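Only one structure is covered here, and it is reproduced in the block below.
Treat the numbers as computed from the prediction; the structure is a model and nothing was measured. We use all heavy atoms of the structure for the numbers below, so side chains are in, but hydrogens, waters and symmetry mates are not. Just so we're on the same page: letters track the sequence lines, and every chain starts at 1.
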Amino acid sequence: MVLSLFGLKRRHLFVRALHLGKQFTTPNAEEILFKAICVNLRERKWRFLDQLSSSLTNSVLPRVFHEFRSSPHVVLELYQRVSASKSVLDSLETCCIVIQTMVNCKNYDDALFLMKELMIRRGYSPLEILEVLLDTFASRFPCDAVFDTLVRACTELGSSEGAYSVIEKLRTEGLFVSIHAWNNFLNHIVKVDDDVCCRFWFFYKEMVSYGYFENVYTFNLIIYALCKECKLLAAICVFYKMLKSGIVPNVVTFNMLVDGACRISEMDVALKLVRNVRIMSGGYVVPNIVTYNCLINGYCKLGDVEIGERFLDEMIETGLEPNVRTYATLVDGYSRKGMLDEAFRVCDAMVEKGLMPNSVVYNTVIHRLYVEGDVDGASSLLSDMIEKYISPDKFTHSIHEKGLCRNGHINEALSYHKCIVEKNLTEDAFSHNILIDYLCKSRNILAAQQLVCSMFVRGLIPDIVTYGTMIDGYCKEGNINRAVEVYDDIIKVKKNPNLVVYNSILDGLCKEVSVDVAEVLVEELKGTSLYDVITHNTLLNGYCISGKIDKALDLFLKMRKERISVNEVTYNILINFMCKLGLIQHAKELVSVMITQGIFPDCITYTTLVTSMNKESSAEEVVELHDYMVLRGVNPDGETYRTIVYPRIEQIGFGLD
DNA sequence: ATAGGGTTAG
């Protein structure tokens with residue numbers, strides 16, 4: 001009797017609440033609504049609740065979620081029913097309860113999604129979210145997974161600062177930060193770091209200083225970072241250290257080492273690793289698709305595509321199914337060598353295996369067609385791609401723009417770019433950089449400058465390449481002052497000037513200021529071990545153009561003696577210099593020298609020699625030189641051949657009849 | 001988790 005009375009009363013309240021719904025503004029009315037919902041929820045009367053959902057106010061909902069925060073099923077069911085009509089995101093606390101519940105049920109994907117929504121759409125900072133998570137649950141759910149998830153949400157949104165702020169806050173509050181959270185953070189850092197993983201090592205040391213022990217994932221990250229820095233031996237040492245401390249390496253560990261070896265062209269090491277994976281891991285690890293793809297990529301990048309393809313066969317023999325990446329790598333390998341017929345053959349093989357070429361495959365081939373000057377072929381392949389519903393991506397756009405530029409259609413490239421920008425399809429600075437470069441090269445630095453400004457307007461942040469390209473543009477224009485101003489900008493925005501930037505400035509100094517000043521810069525760079533063959537070539541060229549014969553020869557000998565690599569450009573600079581001095585015989589001798597050193601003359605060598613010889617030699621001598629170069633595998637520069645060599649051939653009478 | 005395609009220097 002008492003029970004039924006109670007039920008009656010409750011029902012009465014419920015109906016009232018339903019009628020008055022949202023209009024209730026007095027605390028009392030809200031109280032009734034709240035209680036009505038709670039009662040129905042406890043009895044899992046979802047149908048009543050669905051009717052009520054339109055009456056749920058923003059202040060009631062959080063209270064309900066709070067009330068049921070210990071009943072995951074209720075929270076999730078309520079969330080699903082309610083989120084259709086109301087935004088749970090409106091209340092940070094509600095959202096945190098849902099997130100926590102999802103994490104407890106190991107539903108990390110949805111928890112991640114909600115966290116990201118809170119940050120992107122509601123503008124909450126990671127710390128604000130953390131604060132509420134801690135307030136609501138600290139005592140009830142000692143669950144680190146929710147903090148791990150928050151760190152992950154930050155890194156997936158690209159916010160290193162956010163991720164670190166969470167870790168830092170937890171630590172200063174005396175709360176536990178899991179190794180997973182650290183690994184996730186470090187993983188993000190190592191990927192955004194430059195070639196030298198400064199920040200990664202900094203934070204890794206911090207983690208170790210708190211007494212953490214590395215797990216497999218951490219060790220893999222360390223190996224990855226070392227490989228990225230091209231320190232293969234150090235990476236292998238870490239591998240042994242890992243074994244010593246009883247951590248069992250997995251296939252990812254090996255793949256990182258294999259890839260690291262391939263990227264520095266240490267194919268022997270890579271192969272040894274692959275052949276010994278089983279033994280080195282105590283029979284635990286066997287190569288997988290990724291292993292083979294790394295190996296194939298290594299050979300392809302060295303130009304040994306045929307060897308790469310043999311590994312495709314081996315992989316199939318061992319029962320591993322190649323994937324699109326495998327074929328895409330081979331297509332790229334053949335394309336780079338200019339063997340498009342072979343590239344298409346691989347595409348066919350891929351289709352036969354039931355794999356569809358994706359945008360990467362198309363991009364690769366389109367790029368090559370543009371390089372070969374086949375604008376029509378490239379654009380028809382682009383149409384084919386769109387017809388097959390393979391959407392062009394940011395690579396396609398860049399390749400298309402660059403392809404148009406390099407074939408002399410700068411205006412078309414600019415209007416295509418405009419189109420892409422208007423559709424908001426530009427994600428990074430890449431395509432801008434390409435056009436900026438071409439504008440600079442076509443002496444239109446003002447337009448290049450405007451393009452940089454438009455990036456800021458669009459919210460695109462110029463990267464180091466943008467700055468480097470502008471610096472080079474100003475240097476080539478002879479405006480060293482502006483170049484230095486851009487350099488100062490790089491420092492201001494806390495970016496790292498790289499070697500390319502320094503080499504550009506160096507060239508500018510040689511040409512516009514003095515080679516003596518350039519010399520000082522080179523000394524400074526060598527002091528920080530930041531120099532390469534281009535640095536030396538640029539200085540060598542500087543000596544040559546300012547007529548410092550002694551210094552030029554000195555540097556050349558030093559480069560050979562100190563085993564600083566000497567390449568075909570080095571010889572081209574010297575050959576050009578000899579020609580300018582009228583010492584064509586010396587220049588020709590240099591060609592033999594370079595060949596004996598295993599360095600092959602290119603079309604620049606050809607043009608340099610042919611052009612200067614043309615001035616003072618007979619037609620026979622010019623043609624003889626042409627034959628000499630062609631026999632040594634040089635592809636003559638078409639323009640030079642047409643304007644200089646061919647007329648001479650005709651002159652002698654060997655022309656086509 | 002690890003593997004494939006586009007930019008800057010002589």
Side-chain angles (χ1 to χ4, degrees), chain A residues 183-184 186-188 190-191 216-218 220-221 223-224 227 250-260 262-263 288-298 300-301 323-333 335-336 357-368 370-371 393-403 405 428-438 440-441 463-473 475-476 498-508 510-511 532-542 544 567-573 576 604:
Chain A
N183 283 341
N184 188 289
L186 289 173
N187 174 54
H188 179 249
V190 79
K191 287 200 176 123
V216 200
Y217 199 129
T218 328
N220 285 353
L221 286 173
I223 288 173
Y224 182 82
C227 287
N250 57 20
V251 69
V252 178
T253 322
F254 279 97
N255 289 345
M256 281 168 167
L257 287 172
V258 170
D259 193 50
C262 289
R263 282 183 198 281
N288 65 5
I289 302 186
V290 179
T291 324
Y292 276 95
N293 285 353
C294 293
L295 213 51
I296 292 171
N297 188 37
C300 283
K301 290 294 176 313
N323 60 13
V324 178
R325 282 193 191 213
T326 321
Y327 288 102
T329 308
L330 287 165
V331 170
D332 181 56
S335 296
R336 275 173 202 270
N358 61 9
S359 60
V360 177
V361 179
Y362 273 94
N363 290 342
T364 305
V365 179
I366 291 173
H367 173 65
R368 184 63 210 180
Y370 273 129
V371 170
D393 54 20
K394 57 179 180 176
F395 287 83
T396 323
H397 300 138
S398 291
I399 289 167
H400 186 54
E401 285 173 20
K402 169 115 187 172
C405 286
D428 54 23
F430 232 99
S431 70
H432 284 84
N433 293 345
I434 289 167
L435 292 173
I436 289 166
D437 179 44
Y438 273 89
C440 287
K441 285 205 167 68
D463 61 12
I464 193 66
V465 176
T466 321
Y467 289 107
T469 310
M470 286 308 291
I471 285 179
D472 195 56
C475 285
K476 293 267 159 33
N498 58 18
L499 190 48
V500 177
V501 170
Y502 287 119
N503 286 340
S504 288
I505 294 177
L506 187 63
D507 191 46
C510 286
K511 285 174 182 151
D532 63 1
V533 61
I534 296 171
T535 316
H536 290 94
N537 285 344
T538 310
L539 186 61
L540 181 68
N541 195 41
C544 290
N567 61 12
E568 67 281 0
V569 178
T570 320
Y571 282 97
N572 286 345
I573 291 168
N576 188 39
I604 307 272

Rounded to whole Å, please give me the gap between [atom1] in [X] and [atom2] in [N].
X	N	atom1	atom2	value
Ile296(A)	dA3(B)	CD1	P	15 Å
Asn255(A)	dG4(B)	CG	P	12 Å
Leu330(A)	dG4(B)	CG	C1'	10 Å
Lys402(A)	dT7(B)	NZ	P	5 Å
Ile471(A)	dG10(B)	CD1	P	13 Å
Asn293(A)	dT2(B)	CG	P	13 Å
Ile436(A)	dA9(B)	CD1	P	13 Å
Leu539(A)	dG10(B)	CG	C1'	11 Å

Indicate, with a heavy-atom threshold strictly under 4.0 Å, whether [X] touches base, sugar-phosphate, or nothing.
X	answer
Arg336(A)	sugar-phosphate
Ile399(A)	sugar-phosphate
Asp428(A)	base
Ser398(A)	base
Val324(A)	base
Thr570(A)	nothing
Lys441(A)	sugar-phosphate
Asn250(A)	base
Asp393(A)	base

What's the closest nucleotide to the [X] side chain, out of [options]?
X	options	value
Arg263(A)	dA1(B), dG10(B), dG4(B)	dG4(B)
His367(A)	dG6(B), dG4(B), dG10(B)	dG6(B)
Val465(A)	dG10(B), dT7(B), dT2(B)	dT7(B)
Ile534(A)	dG4(B), dG10(B), dG6(B)	dG10(B)
Val569(A)	dG10(B), dA9(B), dT7(B)	dG10(B)
Arg325(A)	dG10(B), dT8(B), dA3(B)	dA3(B)
Lys301(A)	dA3(B), dT8(B), dG4(B)	dG4(B)
Asn297(A)	dG4(B), dA9(B), dG6(B)	dG4(B)

Base [N] paired with [X] side chain (donor-acceptor, <3.5 Å):
X	N	result
Asn323(A)	dA3(B)	yes
Asp472(A)	dA9(B)	no
Asn567(A)	dG10(B)	yes

Tell me yes or no: between the side chains of [X] and [Y], is some donor less than 3.5 Å from an acceptor?
X	Y	result
Asn288(A)	Asn255(A)	yes
Asp393(A)	Ser359(A)	yes
Thr469(A)	Asp472(A)	no

Lys394(A) side-chain N/O to dT7(B) phosphate OP1/OP2 under 4.0 Å: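 For Lys394(A), the contact criterion (side-chain N or O under 4.0 Å from OP1 or OP2 of dT7(B)) is not met.
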Partner residues of Tyr327(A) under the ring pair (Phe, Tyr, Trp, His ring centres under 6.0 Å) criterion, sequence neighbours left out: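 By the ring pair (Phe, Tyr, Trp, His ring centres under 6.0 Å) rule, Tyr327(A) matches no residue at all.
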Between OG1 on residue Thr364(A) and CZ on residue Phe395(A), distance to nearest 0.5 Å: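 CZ of Phe395(A) is found 9.5 Å from OG1 of Thr364(A).
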Set of residues satisfying side-chain hydrogen bond (donor to acceptor under 3.5 Å, both in side chains) with respect to Asn537(A), sequence neighbours excluded: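 Asn537(A): side-chain hydrogen bond (donor to acceptor under 3.5 Å, both in side chains) contacts with Asn567(A), Thr570(A).
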Check ion pair Arg368(A)-Asp332(A) (N to O, under 4.0 angstrom):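 Salt bridge flag = no for Asp332(A) with Arg368(A).
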